[in-house]
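Reviewing the structure listed below.
Each chain gets a letter, A, B and so on, in the order its sequence line appears, and its residues count up from 1.
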Amino acid sequence: MTMGGEGKRPMLDEESIVRLMEAMRRNDISEVLLRDGGKDGWKLRLSRGSGERQTDMAAAPAPPAPAATAAAPAGAAVTAESGVSDEIVTAPVVGIFFAAPSPESDPFVALGEQVAEGDVLCIIEAMKLMNEVTSTAAGEIAEIYVRNGERVEFGQKLFRVVRPES
Amino acid sequence: MRSQPISRREQLLSHLEAAEGAWLSGERLAAELGVSRAAVWKLIRGLETDGIAIEARPSLGYRLDPATDPLCAAAIARRLTTREPAVTVEHHPLLDSTNRLAARLARAGAPEGHLVTASAQSSGRGRCGRSFISPPDTGVYFSLILRPRLAYEDALLITTTAAVAVSEAIRRLLPGLNPEIKWVNDILLDGRKVCGILTEASLDMESGSIAALILGIGINVYPPAEGFPAELASIAGALVPAVRPGLRASLIAAVVDAFFAYYPALADEEGRLAIVAAYRARCPIAGRAITVVAGDGTDRPATALGIDDRGRLNVRYDDGGEDCLGSGEIRVRPR
């Protein structure tokens, strides 16, 4: 579907979102990410879990926030899987995924490792800008969805972090 | 942000450096620093243990050995012309990596424009942690803290902008040299790499915007006394063969000034197009046969078509299909 016409800022209204959700269900699509990278950019993430679906959307904050291209949490999405509150760390930017700080060194994190919120999990490189991706939750690395050197898209799942049971 | 105030030793060095080869009497230095002549002599000894070569003549006083090019913060600062942002210089004789210290200072709140320089690095880093050879007193190694208030997509041009700034600073200071940019961010002189740029960003995961960005630049100014290591001898180069007093400080200041002259232009489309146009003029890649180095190690031969308005490289693969590269690496194949 197109969001807005040629040359116009894309519009996002309730009706388009509902239509999008229906299209996702119809075509068994688990996640959709829409983004307007403009100055007043917004981002919409729609995801369908197993038997449960939820949305995660935020409008861009009012100025002054010229740096913000997106207001919704880019790095995190909460999924509901078997009742455990997992944190899925997603790619905040497009680029090449690097699991380790250098080809010779150990990866930043390994499966089963405990991480704290803010720990560096990987680097995504674009135009030789090395972006540090940090964990948005404390817990155990339960899944790594991408391989070293792979190209990742915006919003693509990178890590699943299982929060300790409280 | 410095851990210590500027020492008397550094003050003395900055006076000697600012004299640009002229002799300064012990009496005059004592008066400038507000210490005794005996104290000046002690400070001179201290500088010598730091590796600064100083000549002393009983009738004339002291001067820096004109065959050397020592670096100090004051030497860089007095050459800088950038007003906005205010550039503050912090120099260290030896650091593990200027980017690492700058990142630490940025996390502690250091402002945009803080510049960390070193005469040598013990573990200078290149892209993906590849080591960057940084022997003492032959190059310049510096990292600039930036806090760009730019859309992420526009901040992606920062490395591109830095490459233009380095190549223009070299041309301005050393007329006759013709440095070229190898996409994305290497500077070559006569086909040999003389400069590496490593830009590291810490992202605000909530907003996807950049919290702080460290622009790290290393330039080989002079060849190492013992030559480049064998594995680099055919690919690494230096700007000039012989030492010129003041050149290293001038080069750092010229690069920083050139970068900040472009930096505000990143905020608007017209400015970005001008930066990319300057980049294209320094990066003669269109039509060259290249190898696209894929992240997973599979290389594909291709022809470079040109640089697009976002600094990306358009390519046509030899086995068909076109691509617009915004990450990864290429090798330029010999003609």
Side-chain angles (χ1 to χ4, degrees), chain A residues 35-41 43 58 60-61 64-76 87 89-105 117-118 120-121 123-137 146-152 154-155, chain B residues 99-100 103 107 123 125-131 147-163 183-186 196-216 267 293-298 310-313 325-329:
Chain A
R35 184 189 198 195
D36 175 11
K39 209 192 298 182
D40 307 313
K43 196 159 62 195
T69 56
E87 179 87 355
V89 180
T90 60
V93 294
V94 173
I96 307 283
F97 173 94
F98 289 106
S102 77
E104 302 83 41
S105 43
E117 190 177 337
V120 176
L121 301 181
I123 283 172
I124 298 177
E125 180 263 335
M127 293 299 289
K128 290 295 185 289
L129 182 58
M130 318 305 283
N131 296 287
E132 283 186 347
V133 174
T134 53
S135 185
T136 42
V146 281
R147 279 174 324 184
N148 192 46
E150 205 174 296
R151 189 189 150 80
V152 294
F154 174 77
Chain B
N99 261 35
R100 206 170 291 163
R107 275 195 297 276
S123 53
R125 290 174 302 153
R127 179 169 175 264
C128 313
R130 281 172 211 151
S131 68
R147 298 188 179 277
R149 288 186 294 169
L150 296 167
Y152 174 79
E153 285 72 13
D154 300 334
L156 281 179
L157 275 178
I158 283 182
T159 308
T160 305
T161 307
W183 189 86
V184 177
N185 60 343
D186 288 339
I197 301 172
L198 176 64
T199 318
E200 297 179 288
S202 53
L203 291 177
D204 177 347
M205 294 294 286
E206 288 296 313
S207 65
S209 62
I210 292 171
L213 192 145
I214 309 300
L215 174 60
V293 183
D296 58 5
T298 54
R310 289 260 160 200
R312 296 170 299 197
L313 183 64
L325 306 178
S327 53
E329 237 178 300

task: Answer with side chain, backbone, both or neither: which region of B:Arg312 has an atom nearer than 4.5 Å to a non-hydrogen atom of chain A?
output: both
query: What part of B:Ile214 is in contact with chain A, defined as an atom under 4.5 angstrom from a non-hydrogen atom: side chain, backbone, both or neither?
result: neither
Over all heavy atoms of both residues, which pair between [X] and [Y] is shortest? Give the atoms and the distance, please.
X	Y	result
A:Pro92	B:Leu203	CG-CD1, 3.6 Å
B:Gly311	A:Met127	O-CE, 3.1 Å
B:Ser327	A:Ala126	CB-CA, 3.9 Å

query: By a 4.5 Å heavy-atom criterion (distance strictly below it), what part of A:Val133 contacts chain B: side chain, backbone, both, or neither?
result: both
message: Quick check on A:Ile123 against chain B: is it the side chain, the backbone, both or neither that has a heavy atom closer than 4.5 Å?
response: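 No part of it gets close to chain B.
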If you round to the nearest 0.5 Å, how far is [atom2] of [Y] from [atom1] of [X]?
X	Y	atom1	atom2	result
B:Ile197	A:Leu129	CD1	CG	12.5 Å
A:Glu117	B:Met205	CD	CE	10.0 Å
B:Asp186	A:Lys128	CG	NZ	7.5 Å
B:Leu198	A:Met130	CG	CE	6.5 Å

field: Top of A:Val120, A:Ile124, A:Asn131 for chain B proximity - count of heavy-atom pairs under 4.5 angstrom
entry: A:Asn131
message: Using a 4.5 angstrom heavy-atom cutoff, name the option from B:Asp154, B:Leu156, B:Leu325 with the most pairs to chain A.
response: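 Max contact count across the listed options: B:Leu156.
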field: Check: B:Gly328 main-chain N/O paired with A:Glu125 side-chain donor or acceptor under 3.5 Å
entry: yes
